[in-house]
Protein chains: 2
Amino acid sequence: MKTDIDKVFKALADPHRRQLLDRLHADNGQTLGELCLDASMTRQAIAKHLGLLEAANLVVTVWRGREKLHYLNPVPIQEIYERWIHKYERHRVRALTDLTKALEEKCDD
Amino acid sequence: MKTDIDKVFKALADPHRRQLLDRLHADNGQTLGELCLDASMTRQAIAKHLGLLEAANLVVTVWRGREKLHYLNPVPIQEIYERWIHKYERHRVRALTDLTKALEEKCDD
DNA sequence: TTGACATGCAACCATATGGTTGCATGATAT
DNA sequence: ATATCATGCAACCATATGGTTGCATGTCAA
């Protein structure tokens, strides 16, 4: 079984999907049709990408008649930060000194 | 051609690779052999994962005799935050209100 | 010097992934 | 009512990905 956080990382791994999030970030609540304009792939391909983003809870959808509106959900991105990136930030300085020390020793040969 | 940031996102997409980063975070400068202990796959598989992490500049290596030491490089993770996550954080409240408003309208049917 | 040890390289395999095409379904507008 | 529009579903395909096995290379230690 995939963890929630794994689904989010996987969803973010594709540049097209990140671009879709960017487009929703610029203009929230777009329909599938709108998100397909000026795209270099078929509607079905984009619908699949949106499906993955939805499964990762990065996008939430609302039906309005026959249109499906797509909204950005910023919560999982925030969780990636808090549960994963943040801990590396805390010890960032130590990791960097480890690294530079190792690289210096390398040059002492 | 893959962008730098894309390589980092791709590298972070695999749970085994994130686990390797976690292990280096806990104990920096480990050899390949050490990183293979208690792992459920072959040395070669782990070496491939480390190769991707190195290509994404998330890990930097130093040779010491016949051993290869692996160090965590926190810089790309920080860049992911600054160049990508941060902008979503800034408009987080707006995105959330967009979302809840849309969900409320959905219930007004 | 020779054997053991740490790692690299390459071929190969199964499955996942990203994309396509074709058709089905349900809502809207005339 | 019916044609059109927005979307979903399913089969299919090529390539990417994650893993394996087998062998080669270079370093250390006896």
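First the proteins, then the strands, lettered A, B, ... as listed; each starts at 1.
- Ion pairing between a basic and an acidic side chain is recognised when a charged N comes within 4.0 Å of a carboxylate O; A:R18 and B:D6 show such pairing.
- Atom-to-atom, CG of A:L52 to P of D:dG8 comes out at 13 Å; the value is rounded to the nearest Å.
- Between A:K87 and B:D22 there is a salt bridge, since a side-chain N of the basic residue sits under 4.0 Å from a carboxylate O of the acidic one.
- Rounded to a whole Å, the NZ atom of B:K68 is 19 Å from the C1' atom of D:dC28.
- Rounded to the nearest 0.5 Å, atoms NE2 (A:H25) and CZ (B:R94) are 6.0 Å apart.
- Taking a cutoff of 4.0 Å between a charged side-chain nitrogen and a carboxylate oxygen, A:E54 and A:K7 do not qualify as a salt bridge.
- As rounded to whole Å, 13 Å separates atom P of C:dC5 from atom CD of B:E67.
- Salt bridge status for A:E89 with A:R92: absent, with no side-chain N to carboxylate O gap under 4.0 Å.
- No N or O donor and acceptor, one from the side chain of B:R66 and one from the base of C:dG8, sit under 3.5 Å apart.
- In this model, the phosphate group of C:dC9 is not approached by any side-chain N or O of B:K48 to a distance below 4.0 Å at OP1 or OP2.
- Both A:Q44 and A:D14 sit near DNA chain C, but only A:D14 has its closest nucleotide nearer the 5' end.
- OP1 or OP2 of C:dG19 has not a single side-chain nitrogen or oxygen of A:T42 nearer than 4.0 Å.
- At D:dA6, none of the side-chain N or O atoms of A:T31 fall inside 4.0 Å of OP1 or OP2 (strictly under the cut-off).
- Rounded to whole Å, atom P of C:dG18 lies 11 Å from atom CG of B:D6.
- Protein atom CD1 of B:I46 is 13 Å distant from nucleotide atom P of D:dT21, rounded to whole Å.
- A:R43 places its CZ atom 11 Å from the C1' atom of C:dG22, with the value rounded to the nearest Å.
- Between C:dG18 and A:R17, a contact under 4.0 Å exists linking OP1 or OP2 to a side-chain N or O.
- Between the NE2 atom of B:H70 and the C1' atom of C:dG8 there is a distance of 12 Å, given to the nearest Å.
- Among C:dG8, C:dT20, D:dG18, the nucleotide with an atom closest to any side-chain atom of A:A45 is C:dT20.
- Taking the side chain of B:H49 as heavy atoms from C-beta on, and the options C:dG8, D:dG19, C:dT20, the nearest nucleotide is D:dG19.
- You'll find that the side chain of B:K10 is closest to D:dT17, out of C:dG18, D:dG8, D:dT17.
- Here C:dG18 presents its C1' atom at 15 Å from CD of A:Q19, a figure rounded to the nearest Å.
- When the side-chain nitrogen and oxygen atoms of A:H16 are compared with OP1 and OP2 of C:dG19, one or more of them lie within a distance under 4.0 Å.
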